[in-house]
Amino acid sequence: MTKRFLGHGVNSTDPWILGLSGPAAFQPNLAGYEVYAAALTAAISPRSLR
């Protein structure tokens, strides 16, 4: 995941991770979750989920 999130950290111009404040600090935002889900999907075989 680290490589996929490069350039999209908390202080970047296009962050995929929420900032320091609030209960969701350092959690992915919507874009981050989309990238995370795509990475998980690419890592597994959908046939193995049957």
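Quick note: numbers below take in every heavy atom, side chains included, and nothing from hydrogens, waters or symmetry partners.
A pairwise comparison of heavy atoms in Trp16 and Arg4 identifies CZ3-O, 3.1 Å as the closest pair. Here the closest non-hydrogen pair linking Ile17 and Asn29 is N-ND2, 4.1 Å. In this structure, Pro28 and Gly32 approach most closely via the heavy-atom pair CB-C, 3.8 Å. In terms of heavy atoms, Pro15 sits closest to Gly9 at CB-O, 3.2 Å. Residues Val10 and Gly19 come closest through the heavy atom pair CG1-CA, 3.7 Å.
The environment of Phe5 atom CZ is dense: over 12 non-hydrogen atoms of other residues, nucleotides or ligands sit within 6.0 angstrom. For Asp14, the CG atom is densely surrounded, since the number of other residues' heavy atoms within 6.0 Å is greater than 12.
When the side chains of ILVMFWY residues are joined at heavy-atom separations under 4.5 Å, either directly or via intervening members, Met1 and Ile44 end up in two distinct hydrophobic clusters.
Side-chain contact between Tyr33 and Gln27 is present, with at least one heavy-atom pair separated by less than 4.5 Å. Using a 4.5 Å cut-off on side-chain heavy atoms (C-beta onward), Phe26 and Leu20 make contact.
For the atom pair NE2 (His8) and OG1 (Thr13), the distance works out to 8.0 Å, reported to the nearest 0.5 Å.
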